[in-house]
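All ligand and atom numbering here is 1-based and tracks the order in the structure. Residues: numbered from 1 along the sequence shown.
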Amino acid sequence: MNMQASALAHPNIAFIKYWGLEDEARRIPANGSISMNIGPLATETTVSFDPALMEDVLILNSQVVSGQALIRVQHFMDRIRRMAGSTLHARITSENNFPVGAGLASSAAGFAALALAGTAALDLDLSERELSALARFGSGSACRSIPGGFVEWLTDPLTGETYAQSIAPADHWDLADCIAILSEAHKPIGSEAGMRRADTSPLQESRVLDTDRRLGVCRRAILERDFAALAAVTELDSNMMHAVMMTSEPPLYYWQPDSLAVMLAVKSWQAEGLPVTFTLDAGPNVHVITTRPLMEKVIRRLRQIPAVLDVLSAEPAGPAHLLKQDSPT
Ligand code: PMV
């Protein structure tokens with residue numbers, strides 16, 4: 001048996017967002033979603049099972065992690081142990097190559113890499129679909145970081161089987177994601193806790209009911225590389241999710257005034273004819289999507305906005321994959 005494995009996974013940015021659970025215990029999402037993996041942003045994780053360990057140890061970006069973050073990872077590891085029939089604990093080291101504290105969701109890449117490295121270390125040979133289904137228990141959106149490129153998370157309405165699959169590879173469309181990093185005045189409440197409130201919003205039901213339509217528009221826009229259609233549905237979907245957040249009880253305001261300043265700048269560039277659109281997750285940073293040839297121009301413009309502290313650039317990226325071991329144990 002290997003006992004040790006390393007894996008790499010990319011974060012993803014959703015065009016059609018996941019927000020709310022239909023079944024919390026089984027992690028069945030309230031609605032389907034579509035995203036794009038983004039590189040070179042990545043998380044690399046090594047899992048080493050060690051009979052001498054009494055519990056799992058997590059070292060994230062060279063810092064030993066304790067508290068809730070560790071418990072969340074230990075619960076995920078319990079799931080892998082149950083699948084493998086193992087009682088061993090592991091040392092987990094995980095490194096992000098993107099700045100921590102930049103407010104970027106790292107949990108999707110983190111749990112995708114952990115699902116792959118953790119199962120490989122115990123010699124479980126899971127299919128992509130099984131890995132994706134497993135990763136969602138760490139963080140829902142992590143299931144979309146297992147397959148490559150442009151990815152859809154779907155649920156079989158009859159069986160409740162839920163997993164993500166690729167709808168087009170990374171090289172299908174040369175999009176770029178220019179991530180405008182803004183000051184974070186307050187630490188926002190995490191997405192897991194935030195989405196528990198989704199059903200308190202009177203808007204959630206209509207958002208969920210309209211999802212199949214938006215998914216259809218988005219899928220077609222991606223397959224036909226129709227930027228205008230992608231832009232329209234991406235902004236609508238982001239606005240709908242944030243409308244649900246802001247009308248939940250108690251309300252969640254992930255946007256900051258500076259976020260709106262960037263969104264309005266994007267609208268004015270659109271009016272000039274630039275292929276550019278925006279989407280925001282559960283935080284104030286704005287993902288500004290454009291095409292690869294226009295990436296430098298968009299980054300230059302974003303940097304001119306006073307509130308923008310930094311701009312990270314990313315492009316469509318491939319699936320989670322195992323990394324070769326330097327010194328197999
Ligand atoms: O997977 P989680 O628990 O990090 O939730 C993701 C929620 C959003 O990022 C806001 C939307 C999405 O689909 O990625």
Side-chain angles (χ1 to χ4, degrees), residues 9-38 41 43 68-69 72-73 75-76 96 98 102-115 132-147 150-155 162-164 167 177 179 187-199 201 203-204 207-208 211 214-215 218-219 222 233-246 248 252-255 259 278-287 289 314 317 320:
H10 299 285
N12 64 73
I13 179 68
F15 301 122
I16 304 297
K17 310 288 191 187
Y18 144 63
W19 194 252
L21 286 162
E22 188 182 297
D23 183 331
E24 184 159 353
R26 294 168 71 203
R27 282 267 185 166
I28 298 180
N31 63 279
S33 52
I34 293 181
S35 61
M36 171 175 91
N37 286 354
I38 48 174
L41 311 187
T43 300
Q68 271 311 311
R72 186 171 170 192
V73 164
H75 284 161
F76 189 72
N96 295 327
F98 47 98
L104 289 179
S106 52
S107 61
F111 279 105
L114 184 59
S132 174
L134 168 65
R136 83 180 191 280
F137 285 104
S139 137
S141 58
C143 75
R144 298 190 311 240
S145 282
I146 295 286
F150 298 82
V151 173
E152 178 164 3
W153 179 5
L154 6 99
T155 301
T162 187
Y163 57 90
I167 53 179
D177 180 7
I179 309 164
K187 260 233 161 321
I189 165 162
S191 48
E192 201 172 73
M195 70 173 71
R196 276 199 197 107
R197 293 184 201 169
D199 284 331
S201 165
L203 305 184
Q204 171 73 346
R207 189 190 75 89
V208 168
T211 305
R214 297 194 307 286
L215 287 169
C218 184
R219 215 181 286 122
I222 289 170
V233 79
T234 296
E235 284 167 40
L236 172 69
D237 189 88
S238 175
N239 288 343
M240 285 173 83
M241 179 181 74
H242 284 270
V244 166
M245 292 161 162
M246 289 188 274
S248 293
L252 289 160
Y253 297 101
Y254 287 109
W255 288 358
S259 315
F278 65 77
T279 184
L280 291 84
D281 283 339
N285 297 328
V286 187
H287 290 252
I289 312 291

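Near Ser139, meaning under 4.0 Å from one of its heavy atoms, ligand 1 places the atoms 1 (O), 2 (P), 4 (O). Atom numbering of ligand 1 starts at 1 in the shown order; those under 4.0 Å from a heavy atom of Ser141 are 1 (O), 2 (P), 4 (O), 6 (C), 14 (O). Taking every non-hydrogen atom of Met241 and a distance limit under 4.0 Å, the qualifying atoms of ligand 1 come out as 10 (C).
The shortest N or O to N or O distance between Gly140 and ligand 1 is below 3.5 Å.
A donor-acceptor pair under 3.5 Å is formed between the side chain of Ser132 and the backbone N or O of Ala164.
By the criterion of a heavy-atom distance under 4.0 Å, the side chain of Ser191, and not its backbone, is placed next to ligand 1. Only the side chain of Ala14 comes within 4.0 Å of ligand 1, counting heavy atoms alone; its backbone N, CA, C and O stay farther away. By the criterion of a heavy-atom distance under 4.0 Å, the side chain of Ser107, and not its backbone, is placed next to ligand 1.
No side-chain N or O of Thr162 forms a donor-acceptor pair with one of Arg136 less than 3.5 Å apart.
With sequence neighbours excluded, the residues satisfying ring-ring contact (aromatic ring centres under 6.0 Å, His included) with Phe76 are Phe111. By the side chain to side chain contact (heavy atoms under 4.5 Å, CB included) test, Thr43 is found to be paired with Thr45, Ser94, Asn96, Phe98, Ala109, residues two or more places apart in sequence or in another chain being considered.
The shortest heavy-atom distance from Ala282 to ligand 1 is under 4.0 Å. The shortest separation from a heavy atom of Arg136 to ligand 1 is not under 4.0 Å, leaving the residue out of contact.
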What do the steps show when you test Glu22 against Thr155 for side chain to side chain contact (heavy atoms under 4.5 Å, CB included), and what is the final call? CA-CA 11 Å; Glu22 188 182 297; Thr155 301; over 6 Å; no
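No option in Leu41, Ile38, Thr279 other than Ile38 meets the side-chain contact (heavy atoms from CB on, under 4.5 Å) test with Asp177.
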